[in-house]
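First comes the structure, then the notes that go with it.
Treat the numbers as computed from the prediction; the structure is a model and nothing was measured. A note on names: the letters A, B, ... follow the listed sequences, proteins ahead of strands, and every chain is numbered from 1.
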Protein chains: 2
Amino acid sequence: MPASPAAAPPFKALPEPSDLPQPLPEPAVDELRLETVLGALSDPLRLTIVRKLLLESENFDHTCGWFGFDRPKSSLTHHFKALREAGVTRQRQYGLERRSHVRVDDLNARFPGLLELVAAWTPED
Amino acid sequence: MPASPAAAPPFKALPEPSDLPQPLPEPAVDELRLETVLGALSDPLRLTIVRKLLLESENFDHTCGWFGFDRPKSSLTHHFKALREAGVTRQRQYGLERRSHVRVDDLNARFPGLLELVAAWTPED
DNA sequence: CATGCAGTACGATCGAAGTCGTACATAGGA
DNA sequence: TCCTATGTACGACTTCGATCGTACTGCATG
């Protein structure tokens with residue numbers, strides 16, 4: 001059956017492996033603030049990051065380099081940190097790498113519909 | 001009858017009087033950019049403005065002073081301009097006064113669900 | 001142990017935006 | 001016509017964020 005256009009896909013929360021490193025510091029669900037989240041998403045590069053994570057994540061989470069941005073590494077660190085501190089993404093340290101994924105359940109619980117807007121976004125129209 | 005919680009209220013687009021002044025310069029519907037709109041909404045004072053317009057607008061639109069903010073007038077002008085230039089509100093000049101209202105239809109068309117998030121927002125939790 | 005690699009930390013620079021004081025414009029009323 | 005009230009325009013100050021170079025950390029591999 002075709003996807004009903006009215007039923008917004010909540011994006012699946014990927015099952016987490018059992019032996020994960022602790023997440024880096026992040027706001028709790030009830031500490032998420034709409035104005036902060038919107039501020040984190042008011043940047044084209046960060047919208048691209050979140051949208052790509054929502055639509056193209058086959059694996060559980062992804063390293064900074066997986067996105068293939070042509071930017072200095074320190075710039076990317078800055079944006080990934082902004083997303084995490086706003087509560088949009090969760091980051092875990094896997095040895096050398098710091099991997100990110102979207103906090104789908106938390107965001108859907110607090111701001112239903114928001115991730116659908118991000119997924120529908122297109123850069124530069 | 002009580003409002004159904006599942007049916008998201010699209011907020012009514014208030015009927016416009018027939019003899020309105022021209023709106024001040026604003027982006028067209030198809031020029032609305034998600035990152036710009038989110039940036040305009042990533043400020044507590046501006047969220048308060050939009051939310052108040054959505055929930056408490058009995059009249060068609062409202063003057064800058066109707067909100068009762070305790071801020072310098074020039075600061076308010078700045079924020080109302082930011083909302084209009086992002087496409088969130090429309091402003092019309094009525095003689096001395098510049099009145100604002102939310103572009104409900106345009107925003108619902110381009111970013112469905114966004115206004116519901118703003119209406120559900122509460123300052124400072 | 002030396003090298004390479006992934007990514008962070010720090011700090012400098014630059015521009016955009018928030019804040020606000022002051023001056024200005026206009027309509028309405030005494 | 002003068003005064004007042006509403007609100008804008010402009011400019012100064014300050015803060016914040018984006019960008020990026022450079023140095024550093026830690027693992028993995030030879």
Side-chain angles (χ1 to χ4, degrees), chain A residues 21-26 33 35-50 53 59-101 123-124, chain B residues 19 21-27 33 35-50 52-53 59 61-101 123-124:
Chain A
Q22 284 304 307
L24 278 71
E26 65 180 21
R33 303 259 52 209
E35 61 270 35
T36 308
V37 171
L38 295 188
L41 295 176
S42 68
D43 179 283
L45 182 62
R46 293 200 288 257
L47 273 179
T48 303
I49 291 172
V50 177
L53 281 174
N59 306 353
F60 172 62
D61 46 10
H62 293 274
T63 71
C64 182
W66 172 76
F67 298 86
F69 294 123
D70 188 19
R71 301 276 189 106
K73 296 185 290 180
S74 49
S75 299
L76 299 181
T77 299
H78 169 74
H79 288 291
F80 278 96
K81 184 181 180 185
L83 285 172
R84 172 174 56 84
E85 292 184 339
V88 178
T89 59
R90 173 166 295 146
Q91 286 185 293
R92 284 192 164 93
Q93 193 83 30
Y94 290 77
L96 259 190
E97 302 164 334
R98 190 170 288 192
R99 292 170 175 265
S100 302
H101 69 276
E124 292 294 313
Chain B
D19 56 341
Q22 284 304 308
L24 278 70
E26 66 180 22
R33 301 258 58 212
E35 61 270 33
T36 308
V37 171
L38 295 187
L41 294 176
S42 67
D43 178 283
L45 182 62
R46 293 199 288 257
L47 272 179
T48 304
I49 291 172
V50 177
K52 197 171 170 76
L53 282 174
N59 306 352
D61 46 12
H62 294 273
T63 71
C64 183
W66 172 77
F67 297 86
F69 294 124
D70 188 19
R71 301 277 188 103
K73 297 183 290 182
S74 48
S75 298
L76 299 181
T77 299
H78 168 75
H79 288 290
F80 278 95
K81 183 181 178 184
L83 285 172
R84 173 174 54 85
E85 291 184 338
V88 178
T89 60
R90 173 166 295 145
Q91 287 185 294
R92 285 191 164 90
Q93 192 85 29
Y94 290 77
L96 256 191
E97 303 164 333
R98 189 169 289 191
R99 293 170 173 265
S100 301
H101 69 276
E124 291 296 312

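Within the nucleic acid shown, B:H79 comes within 4.0 Å of sugar-phosphate atoms alone, with no base atom in reach, counting heavy atoms only.
Between the CZ atom in A:R33 and the CG atom in B:L47 there is a gap of 9.0 Å [rounded to 0.5 Å]. Atoms CD and CG, from A:E26 and A:L83 in turn, are 12.5 Å apart once rounded to the nearest 0.5 Å.
Contact between the side-chain N/O atoms of A:R99 and the OP1/OP2 oxygens of C:dA6 is not found at any separation under 4.0 Å. Residue A:R98 has a polar side-chain atom (N or O) positioned under 4.0 Å from OP1 or OP2 of C:dT8. Proximity of A:S75 to the phosphate of D:dT19: no side-chain N or O atom is located under 4.0 Å from OP1 or OP2.
Distance, A:R92 CZ to C:dA6 C1': 20 Å, rounded to whole Å. If you take NE2 of B:H78 and P of D:dT14, they are 17 Å apart, rounded to a whole angstrom. What separates CD of A:Q91 from P of C:dA9 is a distance of 10 Å, to the nearest Å. What separates CG of B:D43 from P of D:dC16 is a distance of 13 Å, to the nearest Å. Here C:dG21 presents its P atom at 12 Å from CZ of B:R71, a figure rounded to the nearest Å. Atom C1' of nucleotide C:dG7 and atom CD1 of A:I49 are separated by 14 Å, given to the nearest angstrom.
B:R98 and B:Q91 form no side-chain donor-acceptor contact under 3.5 Å, judged by distance and modelled atom types alone.
Counting only distance, with no hydrogens or angles, the side chain of A:T48 and the backbone of A:P44 share a donor-acceptor pair below 3.5 Å.
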